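Since the structure comes first, as structure tokens, the remarks are kept for the end.
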Amino acid sequence: MSVIADRCPGIQVTVVDLNQARIDAWNDPDLSKLPVYEPGLDAVVGRCRGRNLHFTTGVDAAIAAADMVFLSVNTPTKTKGVGAGQASDLRWIEASARQVAACAQGHTIVVEKSTLPVRTAETVKAILTAAQGEVAGAGAPKTFSVLSNPEFLAEGTAIPDLEAPDRVLIGGEDAASIDALASVYGQWVPQERILRTNLWSSELSKLTANAFLAQRISSINSIAALCEATGADVNEVAHAIGADTRIGSKFLKAGPGFGGSCFQKDILNLVYLCGHYGLHEVAAYWQSVVELNSWQQHRIAQLVVQKLFGTVTGKRIAVLGFAFKADTNDTREAPAIRICQDLLEEGAQLAIYDPKVPETQIASDLGCQPLPSPVGSPLSGEGVWHRVTTPAEAVAQADAVLILTEWASFADLNWQELAAQMRKPAWLFDARSIADLSAAQAAGLQVWRVGRG
Ligand code: UGA
């Protein structure tokens, strides 16, 4: 929405949320305190806020004034009830559709921005249609049109992704509404990149794009394991296959598995849909992409234990990176969570460093509170963790250092200095292929790198 405001000075954009603290943070004069860390976002908000970009908890008034409403609420995987563990929880979509139905005035175009199961637009439409023709306040009778406009930005590169998207997808049935939304994007996106489809194709395209992207990661991670077993190098294999233009070079980076709020959730959604339509083989096919991902994470934790003489109980392990990818403070489904939990289960003492993730977030993700350094007695069986503020602090007295996020600064670590602080024999486990391995080896560390045999 900030980028829309930036690129369309003639449009007033109002972002509403029920959470006062969240809205206050978006209005904080100190732009470094925005609730989301995203390179370049502070500059965009700084340019537009108060001009044509507003953040408020005045939800009803903003809906009443709007010509177009974007539903951008979260749709997490259901944790209980029918479809638990697979289907999306649509309670917030339904609640916001009801609120739009109640407060809208005149004609309102309602745009699904949240990633939704296919055919959700039908639910939204049914709720809005029930209010059609009513008159709110002094306004004209209500009419609605529903569009699907899924988002393809990736975190960490959100601003450039939005400023120059590969494509914008608009699904709908009403040509005039599609044109209205296309003309918003048309202010900075070339027309040929604005794709128009029917509603269901648009919704399904979003799930399919994420499933294909995630599938590439599981595919390359499966080959990484085979490379480690055979003496091949997954980076060389990725380079070689990526040179085939039919395959392409992007999204072939082996690592600790995909995290983030989208891939797993969207694939599980797809699996649920396929099951619902009786396509059990198709469901199993996509399910295996998620299973391979969890397997990769458990495999890395087990490998650390095995290299450290089969036990990490009471051993200190430095964990570098907790966010699910670089350039974000987001930890949703981060591979670090599962890997750290496995190591804690084995009794390890983790010193966790991430430049952007706060201790409270790590505590909530790991489901246990930090124990301040120096950590428990060496041979106590309890796994414990604490957050540190530099890589140097993390490696002090550690038996191993484990890189789980590809923060650029991890490429330039001074291994001579770090290794000197560690207990020998010490290991570097590089799950992101980012560290300078020869420097680490020269400093006396034993090294493992994902996908290197
Ligand atoms: C993903 C998609 O890339 C976006 O197109 C989509 O809009 C978004 O989900 C969404 O549905 O909202 P995002 O999850 O923000 O974006 O980040 P990605 O860059 O896709 O990375 C996802 C995970 O895959 C990260 O954990 C990353 O480290 C991992 N990854 C990515 C790899 O392990 N290897 C790769 O080659 C690429």
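The structure displayed is predicted, hence computed values, not measured ones. For this chain, numbers begin at 1 and follow the sequence in order. Indexing begins at 1, ligand by ligand and atom by atom, following the structure's order.
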Using modelled atom types and a 3.5 Å cut-off, is there a donor and acceptor pairing between side-chain atoms of Gln349 and backbone atoms of Lys315?
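Flag not set: sc Gln349 to bb Lys315 has no pair under 3.5 Å.
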
Are any side-chain N or O atoms of Asn27 and backbone N or O atoms of Phe55, one a donor and one an acceptor, separated by less than 3.5 Å?
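The answer is yes, because a donor-acceptor pair under 3.5 Å joins these two groups.
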
Check: Asn235/Ser433 side-chain N/O donor and acceptor closer than 3.5 Å
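Result is yes, a qualifying pair exists.
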
Heavy-atom cut-off of under 4.0 Å around ligand 1: list whichever protein residues fall inside it, by chain and number.
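Within 4.0 Å of ligand 1, the protein residues are Glu151, Phe152, Leu153, Ala154, Glu155, Lys206, Asn210, Leu213, Ile217, Phe251, Leu252, Lys253, Phe258, Gly259, Cys262, Phe263, Phe324, Lys325, Arg432.
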
Counting only heavy atoms from other residues, nucleotides and ligands, does the tally under 6.0 Å from CD of Glu345 exceed 12?
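No - once you tally the heavy atoms of other residues, nucleotides and ligands closer than 6.0 Å, there are 12 at most.
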
Does Lys113 qualify as a cation-pi partner of Phe70, given the criterion of NZ or CZ under 6.0 Å from the six-membered ring centre and within 45 degrees of its axis?
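No cation-pi geometry.
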
Pair Lys33 + Asp24, salt bridge at N-O below 4.0 Å:
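Salt bridge: no.
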
